[in-house]
Amino acid sequence: MDMDKLVSLCKRRGFLFQSSDIYGGLQGFWDYGPLGVELKRNIKEAWWRDMVTSHDELEPPVGAPSAYDMTGLDCTIIMHPQVWKCSGHYDLFHDFMVDCRESKKRYRHDQLRGRWAEYDGRRVFIACEGGGEEGLAQTHARALKLFNLRAKQAERIAWTGELISLTEIDALAQVLGPDAKAVGTLTDPREFNLMFKTIVGALGGEEDAAFLRPETAQGIFVNFKNVVDSTRVKIPFGIAQIGKSFRNEITPRNFTFRSREFEQMEIEFFCHPESSADWYRYWRDRRLRWYRELGLAEERLILREHEEHELSHYSNGTADIEYAFPFLPAGEFGELEGIAHRGDFDLRSHMEGKLDEKSRPLQVQLGEDGKPLHRGSGKDLTYRDEVSNDRYIPHVIEPSAGADRAALAFLCEAFSEDEAPDEKGKMQTRTVLKLHPRLAPIKAAMFPLVKKDGMPEKARALYRTLKQRWNVFYDEKGAVGRRYRRQDEAGTPFCITIDGQTLDDDTVTIRDRDSLKQWRCSLSDCEAELAERLR
Ligand code: ATP
């Protein structure tokens, strides 16, 4: 799939615009246009419905160790600064960056790759931002330029090994930066905290500094006791939240994939330590199934279990659901969602104080004065089982998804080009978004074939009826073929045409976006027919 075509469709048809476009845009920030906002709302709505409101707490769902409760929350973006100190984000939530003194560009240290090239006694590490075939092609082209060689002299360059990460290289003086002409222009890697800082209140001293949340999860942990005390939920149960998160990403890129402001859909699932491994497996499989059910192709989705060395110190298991985004080199996948077994790390940290990363078993990290480095709330966040009277700190399984990454994956999956006949029967290239009907921004469009003979009246009446229930669209302008094309590009699954025959027998033509099949249906059955097909 050609990513440029999707990006241009998104702009042309009002799915996505760069934020502050008329001022030249702001890197890493995106606005959802009239169609985009509907798509994203439908994704969030599908997630909330499937995970929370339609969850049946009376029966164990397929694959679940037992029945469980689900409930929701909507917490603030700015929270008490101590939250981020205890969660570890204040001390640990950073990336390493390198700057290029020549091009003035900034890169994430772990995202640069490259290869050693040798020519005429000079050994240089040629760095690039891409991977796979693309990365290899970039390094080759740049090495030729650096050594002042022509394409046919390429074999004079001796290459060592495959593309490797810049993090494996100590000799930065021998590195040719991705946008530099000279060698050795990259600075040493420097730490960079990804949290956006802000000031609360009018006086605005450093002690009033607060942060925009980099994840929604912490709002759930700090409300764990409130939820247990104010509802009848019993362990095992999950708390879900959808909301904005902010990360001052060093290199926002790949359309909306890595943005600085984005939306997360997170569940913190609280369970007994003994059954936590089973719950981890349940959530990992359940969440993967969700993406498949909404149309992501099996061959482009993978579940990647983290290797031992990738796991956080406290995690007993983490898996990423990854998608083969078309902007990635062939064979590479990008994270859509992470499912982590977090043990009791979060509740304990908010109770006792920030835990020491390296201690085992985990202990509160102490400062030089022997007191906790970051003090916890001191509140009792243990849970008492009413039946067994057992008291314990629940373990947590966290399925953490991004609404924007999901929207991007669904758009990439849906984008396709095929051929369809125009009004004169001539085959034309057709651009179509084959979105799942639940996600499609517009569910059906109503067209009077011509703007006369009472057709608009009938079409409008149908439009008004269906509008009570779904986001539908009325269009009477231009040739009907053109109207179909516009709806295909918007991902509208059904078009309903009111024509001459409608005036005789009150039947309409329904056209299916994907199969292009058309069939007649009586006006009075239209709503039921759509309801059946939009599930
Ligand atoms: P990455 O490794 O890609 O930076 P992450 O592992 O830091 O992601 P998490 O902290 O696990 O991501 O966040 C959970 C989810 O939130 C991700 O799977 C992704 O869908 C979404 N997300 C995280 N960072 C961003 C971002 N900068 N832009 C858009 N979505 C994001």
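In listed order, ligands and their atoms are each counted from 1.
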Inset, instruction - Check if Arg258 has a non-hydrogen atom at a distance under 4.0 Å from any atom of ligand 1. - result: yes
Legend entry - Leu336 near ligand 1 by a heavy-atom separation under 4.0 Å: yes
Legend entry - Numbered atoms and elements of ligand 1 in range of Ser400, under 4.0 angstrom, heavy atoms: 13 (O), 14 (C), 15 (C), 18 (O)
Inset, instruction - Mark up the atoms of ligand 1 that fall under 4.0 Å of a heavy atom belonging to Gly402, in ascending order. - result: 20 (O), 21 (C)
Inset, instruction - May I ask you to check whether Arg108 has an N/O atom sitting below 3.5 Å from an N/O atom of ligand 1? - result: no
Legend entry - Within-cut-off N or O pair, Glu249 and ligand 1, under 3.5 Å: yes
Inset, instruction - Would you please indicate yes or no on a ring centroid separation below 6.0 angstrom for Tyr392 and His272? - result: yes
Legend entry - Centroid-centroid under 6.0 Å between Tyr32 and Phe15 rings: no
Legend entry - Distance under 6.0 Å and angle within 45° of ring axis: Arg260 vs Phe196: no
Legend entry - cation_pi(Arg284, Tyr282) dist<6.0 Å, angle<=45: no
Starting from [atom], which protein heavy atom do you reach first, and at what distance in Å?
{"atom": "atom 28 (N) of ligand 1", "value": "Ser259 N, 3.0 Å"}
{"atom": "atom 16 (O) of ligand 1", "value": "Gln264 NE2, 3.2 Å"}
{"atom": "atom 18 (O) of ligand 1", "value": "Glu335 OE2, 2.7 Å"}
{"atom": "atom 22 (N) of ligand 1", "value": "Phe262 CE1, 3.5 Å"}
{"atom": "atom 29 (C) of ligand 1", "value": "Phe257 O, 3.2 Å"}

Inset, instruction - Taking only Lys NZ, Arg NE, NH1 and NH2, and the carboxylate oxygens of Asp or Glu, determine whether Glu299 and Arg292 approach each other closer than 4.0 Å. - result: no
Inset, instruction - Could you give me the CA-CA distance, side-chain angles and deciding distance for Gln111 and Thr251, then say whether side chain to side chain donor-acceptor pair (under 3.5 Å) is met? - result: CA-CA 9 Å; Gln111 280 177 352; Thr251 47; 2.9 Å; yes
Legend entry - Within residues 12-21 or reaching into it, pairs that qualify as salt bridge (Lys or Arg N to Asp or Glu O under 4.0 Å) - sequence neighbours excluded: Lys11-Asp21, Arg12-Glu489, Arg13-Glu489
Which atom pairs, donor and acceptor, lie under 3.5 Å between side-chain atoms of residues 212-220 and protein residues at least two apart or in another chain?
unit_1: Arg213; atom_1: NE; unit_2: Lys244; atom_2: O; d: 2.6
unit_1: Arg213; atom_1: NH1; unit_2: Cys75; atom_2: O; d: 3.2
unit_1: Arg213; atom_1: NH1; unit_2: Thr76; atom_2: O; d: 3.3
unit_1: Arg213; atom_1: NH2; unit_2: Lys244; atom_2: O; d: 3.1
unit_1: Glu215; atom_1: OE2; unit_2: Gln218; atom_2: NE2; d: 2.8
unit_1: Thr216; atom_1: OG1; unit_2: Glu266; atom_2: OE1; d: 2.5
unit_1: Gln218; atom_1: OE1; unit_2: His350; atom_2: NE2; d: 2.7

Inset, instruction - Just let me know how Glu337 lines up against ligand 1, side chain, backbone, both or neither, with a heavy-atom cut-off below 4.0 Å. - result: backbone
Legend entry - Side chain, backbone, both or neither: Arg247 near ligand 1, heavy atoms under 4.0 Å: side chain
Inset, instruction - Select the closest option to atom 3 (O) of ligand 1 among Glu261, Glu322, Glu398, Arg405, judged by heavy-atom distance. - result: Arg405
Legend entry - Side-chain donor/acceptor of Ser103 to backbone N/O of Ala180, under 3.5 Å: no
